[in-house]
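What follows is one structure encoded as structure tokens, with my remarks underneath.
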Number of protein chains: 2
Amino acid sequence: MGKPPPITNRVRELREEHGQMSQSALAKEIGVTRQTVIAIEQGRYSPSLESAFKISRVFGVGIEDVFGWVG
Amino acid sequence: MGKPPPITNRVRELREEHGQMSQSALAKEIGVTRQTVIAIEQGRYSPSLESAFKISRVFGVGIEDVFGWVG
DNA sequence: GCTCGATGTCAAAAATATCTTACACGCCGC
DNA sequence: GCGGCGTGTAAGATATTTTTGACATCGAGC
């Protein structure tokens with residue numbers, strides 16, 4: 001599986017700013033697996049638009065406040 | 001292929017507002033196939049975060065100005 | 001020491017997105 | 001009529017994301 005996608009994210013920071021929310025807790029809140037959270041945080045792949053929306057909504061910010069585009 | 005995802009989009013409107021840009025032209029600009037553009041416009045599936053970024057950048061707007069979340 | 005929670009790794013399967021190709025239809029200009 | 005363009009549909013193949021489950025490590029607390 002190939003290349004790291006040109007997408008940056010601040011999921012980990014936001015998680016910590018949100019009262020030490022754990023990966024498991026975030027995963028449960030957005031309805032995905034802990035594996036998925038780990039992979040996204042590590043930039044192994046970029047999430048679907050749906051997951052991106054859910055994540056940003058959990059933190060109460062916009063998508064572009066969480067994910068960045070290195071184009 | 002199951003259910004239509006809870007994601008709305010204004011790709012078609014934006015395309016028309018952008019000087020009658022055709023599906024093919026948009027597809028070429030964002031580096032995907034015309035099929036993909038059609039499927040996204042029809043809401044058959046939600047694009048990847050990467051495609052979403054590319055699309056919104058073509059139109060010079062933010063992701064949330066193109067895609068909406070019906071959560 | 002032991003257990004627990006949080007994090008990470010690995011690997012395979014399932015689900016979803018994307019590509020390729022081909023065909024069909026309506027509209028417009030020639 | 002015919003050709004080109006824009007749009008839509010369909011099927012199969014490939015790629016990517018997501019899930020599942022098992023196991024390893026580290027730090028804190030008992």
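Predicted model, so just to flag it, every value in this text is computed and none were measured. As a basis for the values below, the full set of heavy atoms in this structure was taken, side chains included, without hydrogen atoms, waters or symmetry mates.
Residue A:E50 contributes atom CD, which lies 9 Å from atom P of D:dT18 at whole-angstrom precision. If you measure from atom CG of A:L49 to atom C1' of C:dA17, you get 12 Å, rounded to the nearest angstrom. Rounded to whole Å, the distance from NZ on A:K54 to C1' on D:dT18 is 11 Å. When rounded to the nearest whole Å, the span between CG of A:L26 and C1' of C:dT7 equals 14 Å. Summarising the geometry, the separation between CD1 on B:I38 and P on C:dA24 is reported as 16 Å, rounded to the nearest angstrom. Between the CD atom of B:E41 and the P atom of C:dT18 there is a distance of 14 Å, rounded to whole Å. As a whole-Å value, the separation of A:I30 CD1 from D:dT17 P is 15 Å. One can place NZ of A:K28 at 14 Å from C1' of C:dA6, the figure rounded to the nearest angstrom.
Proximity of B:R15 to the phosphate of D:dT7: a side-chain N or O atom is located under 4.0 Å from OP1 or OP2. Remark: B:S48 is in phosphate contact with C:dT18, judged by side-chain N or O atoms under 4.0 Å from OP1 or OP2. For B:Q35 and C:dA17, the shortest distance from a side-chain N or O to OP1 or OP2 is not below 4.0 Å. Residue A:S24 has no polar side-chain atom (N or O) positioned under 4.0 Å from OP1 or OP2 of C:dT7. Residue B:R12 places no side-chain N or O under 4.0 Å from the OP1 or OP2 atom of D:dG6. In terms of phosphate contacts, B:S51 brings a side-chain nitrogen or oxygen within less than 4.0 Å of OP1 or OP2 of C:dT18.
Judged purely by atom type and a 3.5 angstrom limit, B:N9 has no side-chain atom pairing as donor or acceptor with the backbone of B:G68. With A:R34 contributing its side chain and A:S24 its backbone, the two residues share no donor-acceptor pair below 3.5 Å. A donor-acceptor contact shorter than 3.5 Å is absent between the side chain of B:R12 and the backbone of B:E41. Between the B:T33 side chain and the B:T36 main chain, no donor and acceptor come within less than 3.5 Å of each other.
Residue B:T36 is classed as a sugar-phosphate contact, given heavy-atom separations below 4.0 Å to backbone atoms only. Here B:T33 lies in heavy-atom contact (under 4.0 Å) with a base.
Note on residues 49-71 of chain A: pairs passing side-chain hydrogen bond (donor to acceptor under 3.5 Å, both in side chains), not counting sequence neighbours, are A:S48-A:S51.
Counting atom types as modelled, B:R34 pairs a side-chain N or O with a base atom of D:dG8 as donor and acceptor under 3.5 Å. Taking only distance into account, the side chain of B:Q23 never meets the base of D:dC5 through a donor-acceptor pair shorter than 3.5 Å.
Residue B:Q42 is the one, among B:Q42 and A:I40, whose nearest nucleotide of DNA chain D lies closer to the 5' end (criterion: closest heavy atom).
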